[in-house]
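All values reported here derive from a predicted model rather than from experimental measurement.
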2 protein chains.
Amino acid sequence: MREGNGKIRVIVAEDQGMVLGALAALLETEPDIAVCGKAANGREALTVIAKQKPDVLVTDIEMPEMTGLTLAAEVRQRHPQTRVVILTTFARPGYLRRALDAGAKGYLLKDRPAAELAEAVRRVHRGLRVVDPDLAAEAWDSGPDPLTERERQILWRAGEGKSSLEIAEELRLSEGTVRNYLSEAISKLGAANRIDAARIARAKGWL
Amino acid sequence: MREGNGKIRVIVAEDQGMVLGALAALLETEPDIAVCGKAANGREALTVIAKQKPDVLVTDIEMPEMTGLTLAAEVRQRHPQTRVVILTTFARPGYLRRALDAGAKGYLLKDRPAAELAEAVRRVHRGLRVVDPDLAAEAWDSGPDPLTERERQILWRAGEGKSSLEIAEELRLSEGTVRNYLSEAISKLGAANRIDAARIARAKGWL
DNA sequence: AATCGGACGTGACAGATGTCATGATTCTTT
DNA sequence: AAAGAATCATGACATCTGTCACGTCCGATT
C-alpha cells in the first residue's frame with residue numbers, strides 16, 4: 001500500500017470485501033507488483049486513482065454506485081496513464097464489447113487460474129491487450145446487441161415480474177405499446193416468452 | 001501447502017480459480033494459519049480432506065459436482081474432526097438454515113471485510129460458532145421454506161421461462177395441475193405472478 | 001378408525017400475454 | 001428529397017395464465 005521501487009503499482013476495485021482483500025493479498029505475493037490502493041465501488045476507485053496515479057486498475061464490473069464499465073470509461077478520460085483490467089464472473093459477450101469500447105485493455109474471468117491475474121497485470125502494463133480467447137470468439141459470432149433502448153427498459157422490468165400494465169404506467173406508455181415492444185424483443189432474441197427473452201438477454205450481457 | 005507447526009490447517013473449496021487462489025493467499029498471510037489444500041468443487045474437496053485431515057474447511061456454496069451444503073453434510077459424517085465454514089455471496093435465509101442443518105459451524109458472507117475470514121477460522125477452530133448476525137435475524141423472522149418439493153420443481157422451471165404445458169410434459173403432469181401448483185406457490189409467497197414468485201424464492205434460498 | 005397434508009386431476013372463467021396489421025411522428029442517413 | 005429506424009399508438013384475435021370449486025388417492029399421525 002506504499003512505495004513502489006520500480007514495481008507495477010496497482011489499484012483493485014471490488015465490492016465484496018472478502019474478495020477485495022484476497023485479491024490484494026494475491027497480488028502482493030508477486031515481487032514485481034505493489035497494491036497501492038483498494039476501493040469498494042467505482043466512485044471510491046476514482047478518488048483513489050486521482051491520488052495514487054497507479055499503473056494499472058483491476059476492477060470488477062457489477063458494483064454499487066458506479067459500474068466497472070462506467071469506471072473504465074471515466075479512467076480513460078481523466079487518467080489515460082492508468083490501464084484498466086476488467087475482472088469479472090461473467091462471460092457475457094455484451095460486457096466484453098462494452099468493456100473494450102470503454103477503453104479497457106484487459107478482460108479476465110474469475111474462474112481462470114489465480115496465476116493469470118498477475119500475468120495479465122504485467123502484460124497490460126507492457127501495453128499489450130489481454131482478452132479471454134474463448135469469450136472473444138463467442139462475442140464475435142454472437143453479434144451485436146439487437147435491442148433498442150426502449151426494448152431493454154421494458155424487458156428489464158418484465159424480467160422483474162412486472163405486468164405489461166405496470167410497466168406501461170411506470171414508463172407512461174399504453175399497455176399495447178408495451179406488449180408490442182415485448183413481442184419485438186421476444187422475436188429478436190428467438191425466445192418463447194418474456195421470461196425466456198429476459199434470461200437470454202441477461203446471459204448475453206445486454207440487460 | 002505443507003507442514004503445520006501448531007498452525008491451524010485449512011482447506012479452501014471454491015470454484016472460481018481466481019478467488020480460490022486469492023483466498024488462499026489471504027489466509028497464508030496469517031502467521032497462525034496454514035493452507036494445506038485447495039479444491040475447485042465438492043468432490044475434489046472430499047478427496048483432499050481425506051488425505052489432509054485439516055482442522056477447518058472453508059467452502060463456497062454454489063459449485064459444480066457437489067454443493068458446499070452437501071459437502072458440509074458429508075464432512076460431518078466422514079470427517080467429524082474437520083469443522084466447516086461456509087463462505088458465500090448469498091445472504092439467503094434458506095441457505096443459512098440448510099448450512100446449519102448440515103452441521104456447518106460458520107456462515108460468512110463474501111461482502112464482509114477480509115479480516116473477518118481469518119478471525120472466523122480461528123473461532124471455529126476453538127469450537128465456537130460464527131454466523132453473520134444480520135442474516136441470522138432475517139432467517140429467524142422469514143420463517144421456514146413454505147414450498148413443497150413439487151412446487152419447487154415447477155417454480156424452478158417456470159423461472160426458466162418454460163410454459164405450463166412444457167412443464168407438464170416434462171414432469172408427466174396435466175397442464176391444469178401445473179397451473180394449480182404455480183397458483184399455490186404464488187399465493188404462499190405473496191407474489192404477483194410466476195416470475196415474481198421465482199424471484200422471491202430465489203432470494204430466500206428456497207429454489 | 002378418523003384426520004390431515006401432499007400429490008394429482010377436471011372444468012370453468014376472467015384477465016394477461018403474444019401476435020399482427022396498420023398507421024402517425026420524428027430523427028438520421030443517404 | 002427519400003428512405004430507414006425508433007417511438008408510440010389502436011384494434012382484434014388466439015392462446016396462456018391465475019384462480020376457484022370440487023374431487024380422488026395415498027401415507028403418516030393421532
Side-chain angles (χ1 to χ4, degrees), chain A residues 94 97-98 101 142-207, chain B residues 94 97-98 101 142-207:
Chain A
R97 200 169 285 246
R98 278 192 266 165
D101 285 349
S142 86
D145 183 348
L147 301 175
T148 69
E149 195 46 39
R150 260 310 193 214
E151 286 163 356
R152 203 188 329 285
Q153 288 174 10
I154 291 176
L155 190 54
W156 169 271
R157 287 166 174 79
E160 285 185 303
K162 291 182 177 159
S163 70
S164 304
L165 185 59
E166 283 174 319
I167 298 171
E169 280 165 355
E170 203 178 323
L171 301 180
R172 311 276 177 94
L173 296 172
S174 85
E175 196 194 338
T177 301
V178 170
R179 298 224 301 279
N180 284 341
Y181 280 129
L182 280 172
S183 184
E184 253 305 300
I186 290 166
S187 110
K188 278 180 179 176
L189 299 176
N193 54 48
R194 52 178 70 192
I195 316 174
D196 199 21
R199 274 176 50 85
I200 292 173
R202 264 194 285 266
K204 295 281 193 178
W206 294 333
L207 269 194
Chain B
R97 199 170 287 245
R98 278 192 267 165
D101 285 349
S142 86
D145 184 347
L147 300 175
T148 68
E149 195 47 39
R150 262 310 196 210
E151 286 163 355
R152 205 188 327 286
Q153 288 174 11
I154 291 175
L155 190 54
W156 169 270
R157 286 166 174 79
E160 285 186 302
K162 291 181 177 161
S163 70
S164 303
L165 185 60
E166 283 175 318
I167 298 171
E169 281 165 355
E170 202 177 323
L171 300 181
R172 310 277 176 93
L173 295 173
S174 86
E175 196 193 339
T177 301
V178 170
R179 297 222 302 279
N180 283 340
Y181 280 130
L182 280 172
S183 184
E184 254 304 300
I186 290 166
S187 111
K188 278 181 179 176
L189 298 175
N193 53 49
R194 55 178 69 192
I195 316 174
D196 201 20
R199 275 174 51 83
I200 292 172
R202 264 195 285 266
K204 295 282 192 179
W206 294 333
L207 270 194

Can you check the A/Ile186 CD1 to D/dT15 C1' distance for me, whole Å? 13 Å
The first and last nucleotides of DNA chain C lying within contact of chain A, meaning any atom under 4.0 Å from one of its heavy atoms, run from C/dT17 to C/dC20
Does A/Asp145 pair with A/Arg98 as a salt bridge, N-O distance under 4.0 Å? no
How long is the gap from CD on B/Glu166 to CZ on B/Arg157, to the nearest 0.5 Å? 11.5 Å
Reckon B/Ser183 touches a base, only the sugar-phosphate, or nothing at all at heavy-atom distances under 4.0 Å? base
What are the two closest non-hydrogen atoms of A/Ile200 and A/Ala191, and how far apart are they? CD1-CB, 3.9 Å
Determine whether a donor-acceptor pair (one donor, one acceptor, N or O, separation below 3.5 Å) exists between the side chain of B/Asn180 and the base of D/dT17. no
Per atom distances to the B/Ser164 side chain, the nearest of D/dC13, D/dT17, D/dG18 is D/dT17
From CD of B/Glu184 over to P of D/dT17, roughly how many Å is that when rounded to an integer? 18 Å
Considering all heavy atoms of both residues, which atom of A/Pro146 and which atom of A/Leu189 are nearest to each other, and what is their separation? CG-CD2, 4.1 Å
Between D/dG18 atom C1' and B/Asp196 atom CG, what is the distance in whole Å? 13 Å
For the side chain of A/Arg179, counting heavy atoms from C-beta on, which of D/dT7, D/dT10, D/dC13 is nearest? D/dC13
Atom CG of B/Leu173 and atom P of D/dT24: how far apart are they, to the nearest Å? 20 Å
Could you give the CD1-to-C1' distance, from B/Ile154 to D/dT17, as a whole number of Å? 14 Å
Let me know the distance between CD1 of A/Ile167 and P of D/dT7, rounded to the nearest Å. 15 Å
When you compare the side chains of B/Arg194 and B/Ser164, does any donor N or O come within less than 3.5 Å of an acceptor on the partner? yes
If you assign each of A/Lys188 and A/Arg172 to its closest nucleotide in DNA chain D, which residue comes earlier from the 5' end? A/Lys188
Closer to the 5' end of DNA chain C via nearest nucleotide, is it B/Asn193 or B/Glu151? B/Glu151
Could you give the distance from CD1 (B/Ile195) to CD1 (A/Ile195), rounded to the nearest 0.5 Å? 4.0 Å
Testing the basics here: between A/Ala185 and A/Leu147, what is the closest heavy-atom pair and its distance to 0.1 Å? CB-CD2, 4.1 Å
Phosphate OP1/OP2 of D/dT7: any A/Thr148 side-chain N/O under 4.0 Å: yes
Which of D/dT17, D/dG18, D/dC8 is nearest the side chain of B/Glu175? It is D/dT17
With sugar-phosphate meaning primed atoms plus P, OP1 and OP2, does A/Thr177 contact a base, only sugar-phosphate, or nothing at under 4.0 Å between heavy atoms? base
Roughly, in whole Å, what's the span from CD in A/Gln153 to C1' in D/dA6? 12 Å
